[in-house]
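Worksheet: one structure, shown below.
Any value given below was found using the heavy atoms of this structure, including those in side chains, with hydrogens, waters and symmetry copies removed. Throughout, protein chains are lettered first and strands after them, A, B, ... in sequence-line order, and every chain is numbered starting at 1.
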Number of protein chains: 2
Amino acid sequence: MVMDDQLTAVFAALADPTRRALLQRLTESDANVAELAAPFEMSQPAISKHLRVLEGAGLITRSRHATARFSHLEAEPLREATEYMEKYKRFWTKSFDKLDAALAAYTEQPHTTEEEENNA
Amino acid sequence: MVMDDQLTAVFAALADPTRRALLQRLTESDANVAELAAPFEMSQPAISKHLRVLEGAGLITRSRHATARFSHLEAEPLREATEYMEKYKRFWTKSFDKLDAALAAYTEQPHTTEEEENNA
DNA sequence: CTACTCTATAACCAAATGGTTATGGATGAT
DNA sequence: ATCATCCATAACCATTTGGTTATAGAGTAG
């Protein structure tokens with residue numbers, strides 16, 4: 001993957017159940033790597049890798065405290081990704097399409113048949 | 001990737017600029033493969049692959065019409081993914097965190113120092 | 001300074017991803 | 001029937017991904 005933009009990085013980061021679970025955990029509180037790794041059966045380096053991906057997408061920030069490194073949820077990129085997807089809200093129900101077809105039929109040319117509803 | 005659930009499939013599908021562009025194109029109208037492939041410099045089989053990924057995520061459905069196969073946007077999975085992300089709305093601004101900290105400080109135990117704000 | 005704790009990095013591996021070219025299959029037209 | 005069109009599939013390839021174990025590094029404690 002070329003990881004072109006922020007959006008790509010965020011969606012790629014979310015496309016993994018482990019990383020989604022890490023984000024979920026971080027909604028409760030900041031946490032160090034050991035805490036984050038505890039619920040999973042995978043190794044600590046694997047969790048560190050996932051955290052790096054999340055950090056790369058801007059979904060978490062990290063800070064030191066003694067030897068521990070705490071992860072902190074940064075949900076702003078999620079907001080941007082949500083905004084992107086909400087552009088498709090108009091298509092979330094078929095009713096909008098049918099409304100469009102009806103409107104088009106009555107404005108462009110009166111008394112069209114139903115064939116126009118199959119746009120191509 | 002294990003492609004566990006629908007959410008994983010949808011985010012993985014969105015984690016590619018070409019596929020996002022295909023979805024964008026399909027907001028205008030249904031289209032056959034040749035039309036969809038036209039704006040891109042990649043080969044037709046590459047586009048077919050991307051369409052299969054989108055179909056696998058439930059983001060498009062397909063139908064035949066003569067030799068052509070038309071893709072149709074199905075945005076419902078996007079709605080579900082948006083709902084998932086909106087669970088993080090609460091964390092989209094720092095102000096909520098600070099409000100929480102203030103509330104915790106005043107309800108759990110009066111006159112706490114600022115150290116408690118660093119949750120761990 | 002040494003030892004310990006917590007985490008990152010290195011090196012490696014299997015599988016998935018995103019692309020290619022070449023070919024095959026289904027459908028419509030002549 | 002044959003041919004043309006549109007698309008899918010096969011076979012292949014390079015890169016990325018997600019995991020492993022082993023080791024190194026940064027910080028704290030004694």
Side-chain angles (χ1 to χ4, degrees), chain A residues 1-5 7-23 25-26 29-57 59-72 118 120, chain B residues 1-23 25-26 29-57 59-72 115 118 120:
Chain A
M1 193 178 307
V2 190
M3 200 64 81
D4 324 59
D5 47 23
L7 211 48
T8 295
V10 170
F11 285 134
L14 292 175
D16 183 286
T18 301
R19 288 194 289 265
R20 289 199 301 273
L22 290 170
L23 291 179
R25 166 64 184 81
L26 289 174
S29 71
D30 294 1
N32 64 24
V33 177
E35 279 180 280
L36 292 172
F40 299 98
E41 290 187 347
M42 68 185 71
S43 65
Q44 168 262 311
I47 298 296
S48 284
K49 276 195 182 182
H50 281 305
L51 292 175
R52 262 174 64 93
V53 173
L54 290 172
E55 189 176 23
L59 289 165
I60 65 170
T61 50
R62 315 180 76 182
S63 60
R64 277 203 176 286
H65 223 278
T67 62
R69 297 199 66 189
F70 285 85
S71 294
H72 174 78
N118 299 324
Chain B
M1 192 179 308
V2 190
M3 201 62 83
D4 325 58
D5 47 23
Q6 180 81 0
L7 211 49
T8 296
V10 170
F11 285 135
L14 292 175
D16 183 285
T18 301
R19 287 193 290 263
R20 290 199 301 274
L22 289 171
L23 290 180
R25 167 63 185 81
L26 289 175
S29 70
D30 295 0
N32 65 24
V33 176
E35 280 181 280
L36 292 172
F40 300 98
E41 289 187 348
M42 69 186 70
S43 65
Q44 169 261 312
I47 299 297
S48 284
K49 277 195 182 183
H50 281 305
L51 292 175
R52 263 173 62 94
V53 173
L54 291 172
E55 189 177 24
L59 288 164
I60 65 171
T61 50
R62 315 180 77 183
S63 61
R64 275 203 177 287
H65 222 279
T67 64
R69 296 199 64 189
F70 284 85
S71 294
H72 174 78
E115 290 181 20
N118 297 324

Verify the contact: side-chain N or O of [X] to OP1 or OP2 of [N], cut-off strictly under 4.0 Å; return yes or no.
X       : N      : value
B:Thr67 : C:dG28 : no
B:Arg52 : D:dT9  : yes
A:Arg19 : D:dG18 : yes
A:Arg64 : D:dG27 : yes

Starting at [atom1] of [X] and ending at [atom2] of [N], how long is that distance when rounded to a whole Å?
X       : N      : atom1 : atom2 : result
A:Ile47 : D:dG19 : CD1   : P     : 8 Å
B:Phe40 : D:dC7  : CZ    : P     : 15 Å
B:Met42 : D:dA8  : CE    : P     : 15 Å
A:Phe70 : C:dT5  : CZ    : P     : 17 Å
B:Glu41 : C:dT21 : CD    : P     : 13 Å
A:Leu14 : D:dG18 : CG    : P     : 12 Å
B:Leu51 : D:dT9  : CG    : C1'   : 14 Å
B:Phe11 : D:dT17 : CZ    : C1'   : 18 Å

When you get a sec, tell me which of [options] is the closest nucleotide to the side chain of [X]?
X       : options                : result
A:Pro45 : D:dT20, C:dC6, C:dA26  : D:dT20
A:Ala34 : C:dA8, D:dT5, C:dT7    : C:dT7
B:Asp16 : C:dA11, C:dG18, D:dG27 : C:dG18
A:His50 : D:dG18, D:dG27, C:dT7  : D:dG18
B:Arg69 : C:dT9, C:dG19, D:dC7   : D:dC7
B:Val33 : C:dT20, D:dC7, C:dT7   : D:dC7
A:Gln44 : C:dT27, C:dT7, C:dG18  : C:dT7
B:Lys49 : C:dG28, C:dA8, C:dG18  : C:dG18
B:Asn32 : C:dT7, D:dC7, C:dT27   : D:dC7
B:Ser43 : C:dT21, C:dA10, C:dG28 : C:dT21

> Using a cut-off of 4.0 Å on non-hydrogen atoms, how would the nucleic acid contact of B:Ala66 be classed: base, sugar-phosphate, or nothing?
Replying inline: sugar-phosphate

Do the side chains of [Y] and [X] get nearer than 4.5 Å, heavy atoms only?
X       : Y       : result
B:Val33 : B:Arg62 : yes
A:Val53 : A:Leu59 : no
A:Asn32 : A:Thr67 : no

>> Which label fits A:Phe11 and B:Phe11: parallel for a plane angle under 30°, tilted from 30 to 60°, or perpendicular past 60°?
In response: parallel

> Can you check side-chain contact (heavy atoms from CB on, under 4.5 Å) on A:Leu7 and B:Leu14, steps first, answer last?
Replying inline: CA-CA 9 Å; A:Leu7 211 48; B:Leu14 292 175; over 6 Å; no

>> Run B:Thr8 and A:Arg20 through side-chain contact (heavy atoms from CB on, under 4.5 Å) and show every step you take.
In response: CA-CA 9 Å; B:Thr8 296; A:Arg20 289 199 301 273; 2.8 Å; yes

